[in-house]
Amino acid sequence: MDELHITGGTRLDGAVPIAGAKNAALPQIAAALLSPHPLELTNLPKVSDVDNMLRIISLYGAEVQRNAGGTVINAQNVTPGEVDYETVRKMRASILVLAPLLARFGSARVSLPGGCAIGARPVDMHLKVLSALGATIAVEGGYIVANASDGLKGARVVLPGPSVGASETALMAACCATGETEILNAAREPEVVDLVACLVSMGAEIEGAGTHRLLVKGSTTWRAASHHAIADRVEAGTYAAAAMITGGRIELVNARMEHLSSVLQVLESMGATVWPGDRGVVVEGHGRIKPADFTTEPYPGFPTDLQAQFMAMASIAEGASVIRETIFENRFMHVPELSRLGTNIALNGSVATVRGQPSLKGAPVMATDLRASVCLVLAALAAQGETIIKRVYHLDRGYEQLDRKLAQCGANIRRVSL
Ligand code: UD1
């Protein structure tokens with residue numbers, strides 16, 4: 001099991017290539033199961049969640065060829081068999097294979113997923129969407145058993161909330177349904193928009209991407225396709241925080257300003273200077289960070305996936321910040337670990353009050369989930385002395401070569417394999 005050893009206090013300066021978005025890549029890999037024709041995906045990030053998702057679809061019979069330029073998935077010989085819990089428990093996104101298998105084959109049996117331990121994270125909305133399209137669903141012994149022997153039928157689907165994953169499930173299922181499907185209260189996240197772009201390149205007819213109302217024509221005639229995933233806005237926001245917390249400057253190569261507007265707004269309120277560069281976005285921090293109040297919300301609001309990273313910044317701000325988490329009820333699990341570095345954070349339900357400290361001190365800490373582990377990295381970059389972070393595999397799920405990218409900007413960071 002690897003550890004990260006970080007000695008803080010170095011100002012970061014450099015350019016970081018932002019990888020393809022993990023959360024765009026995962027549904028696109030699942031979408032490959034819809035079609036008997038090959039789908040080439042380029043810009044997939046080299047992270048273990050992507051490896052795991054490719055493994056899952058290959059267990060269903062998809063052929064996966066990873067070349068230098070991209071990954072070609074051929075799902076011609078896929079069958080809707082069963083993939084065991086051990087394989088899917090690591091990743092909540094494994095639920096995304098349910099809709100394509102059911103839609104294409106009329107039946108599917110998929111284990112209830114695992115993933116980050118951040119609250120209950122039910123899959124009821126995914127199942128409601130599929131029922132609305134005519135499937136019968138049962139949960140038996142930890143498996144979701146879905147049937148639609150006469151095929152799915154287009155319908156008006158109203159999501160109870162703008163869930164990213166359930167919107168993706170609805171889109172994929174509706175492509176194979178007969179007739180038109182209207183998806184209301186859909187999520188507007190760039191990753192959902194990118195899935196629409198991928199499905200359209202595969203032959204689907206979909207309108208309304210980026211709005212709360214998606215219209216899917218149905219009975220798609222699939223064709224071979226190629227799709228390039230968008231840059232990872234969460235990775236970009238994380239390096240922006242790394243620049244800020246060290247009073248440094250990082251060019252986020254490939255990052256798209258329009259996907260980061262609420263994030264950059266909070267960053268600027270904390271004292272950053274942000275400007276568009278030739279290759280992406282440049283973020284520079286200056287002196288002491290200012291406190292900020294912000295609330296996580298569905299896109300285009302501030303993303304929950306950057307809450308922990310911004311909390312690390314707030315923990316050394318000049319004053320108190322108030323952070324409200326409205327997406328996941330249990331997403332402050334990083335707080336006890338952060339406190340080992342000397343932070344002062346009070347929790348009251350879904351609200352964290354972060355009293356900025358003049359400095360932090362390195363300590364041994366443990367990663368508990370993907371974004372939590374990276375907030376410990378950020379705090380360690382600003383802390384005096386050495387921090388040792390254990391259970392780095394959480395970090396490898398979603399960050400491509402984090403230690404190397406930070407080292408290239410001057411960070412004193414080492415990965416130690418035990
Ligand atoms: C996706 C992202 C994740 C991000 C989250 C919110 C991927 C692979 N993951 O997760 O990184 O933090 O969006 O932006 O894209 N909910 C239900 N029932 C459901 C589905 C969701 O109650 O069936 C709830 C969740 O518990 C949560 C809220 O809806 O409170 C939003 O979750 P959702 O948008 O579905 O998140 P994911 O798609 O799992």
Side-chain angles (χ1 to χ4, degrees), residues 20-31 44-45 47-50 52-53 56 88 90-99 110 112-132 137 139 144 146 157-173 183 185-195 198 212 229-230 232-235 237-238 259 262-263 295-310 324-334 350 369-375 394-395 397-399:
K22 166 182 88 75
N23 288 353
L26 298 177
Q28 290 166 18
I29 293 169
L44 293 187
V47 296
S48 65
D49 267 10
V50 164
N52 205 28
M53 195 69 168
I56 290 173
V88 305
K90 297 180 200 140
M91 199 171 52
R92 177 176 160 81
S94 58
I95 184 73
L96 292 170
V97 304
L98 175 63
V110 172
L112 282 164
C116 286
I118 47 171
R121 297 190 88 174
V123 293
D124 57 315
M125 289 193 217
H126 294 255
L127 307 186
K128 269 186 198 134
V129 161
L130 297 174
S131 302
I137 310 271
V139 177
I144 302 163
V157 175
V158 185
L159 289 170
S163 154
V164 172
S167 302
E168 293 165 344
T169 283
L171 278 166
M172 292 188 280
I183 305 164
N185 211 11
R188 298 164 61 195
E189 268 70 0
E191 295 75 19
V192 177
V193 176
D194 206 39
L195 175 63
C198 177
H212 286 309
I230 52 169
D232 196 317
R233 63 197 168 100
V234 179
E235 192 192 19
T238 303
H259 290 164
S262 58
V263 174
T295 301
T296 62
E297 283 169 340
Y299 188 84
F302 189 92
T304 177
D305 286 355
L306 283 169
Q307 178 255 108
Q309 297 88 319
F310 275 57
R324 285 180 191 80
E325 171 62 54
T326 71
I327 308 294
F328 294 112
E329 77 273 18
N330 193 15
R331 211 173 202 182
F332 286 137
M333 286 185 331
H334 44 281
S350 60
D369 80 10
L370 170 54
R371 307 302 170 189
S373 47
V374 89
C375 94
H394 284 295
L395 202 119
R397 286 186 42 210
Y399 287 95

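Atoms within each ligand, like the ligands themselves, are counted from 1 in listed order. Residues take their numbers from the sequence shown, with the count starting at 1.
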Task: Heavy-atom proximity to atom 35 (O) of ligand 1, best of Ala25, Ala24, Ala93, Ser163 - done: Ser163
Open item on the list: Quick check on His126 - does any of its heavy atoms sit under 4.0 Å from an atom of ligand 1?
Closed with: yes
Task: Ligand-residue contact atoms, ligand 1 with Gly165, heavy atoms, under 4.0 Å - done: 35 (O), 38 (O)
Open item on the list: Could you tell me, atom by atom, which parts of ligand 1 come under 4.0 Å of a heavy atom of Asp305?
Closed with: 3 (C), 4 (C), 11 (O), 12 (O)
- [ ] Could you list the atoms of ligand 1 found under 4.0 angstrom from a heavy atom of Arg92?
- [x] 20 (C), 21 (C), 39 (O)
Open item on the list: Would the distance check show the side chain of Thr169 and the main-chain N or O of His126 forming a donor-acceptor pair, the cut-off being under 3.5 Å?
Closed with: no
- [ ] May I ask you to list the atoms of ligand 1 that are less than 4.0 angstrom from any heavy atom of Ile327?
- [x] 27 (C), 30 (O), 31 (C)
- [ ] With the side chain counted from C-beta on, respond yes when Arg397 and Ser48 share a heavy-atom pair under 4.5 Å apart, and no when they do not.
- [x] yes
Task: Sub-3.5 Å N/O-N/O distance, Asp124 and ligand 1 - done: yes
TODO: Closest by any non-hydrogen atom to atom 1 (C) of ligand 1: pick that one out of Val234, Thr304, Val164, Leu370.
DONE: Val164
Task: Contact check, Arg331 vs ligand 1, heavy-atom distance below 4.0 Å - done: yes
TODO: May I ask you to check if ligand 1 and Glu168 share an N or O to N or O distance below 3.5 Å?
DONE: no
Open item on the list: So is Pro122 touching ligand 1 or not, going by heavy atoms under 4.0 Å?
Closed with: yes
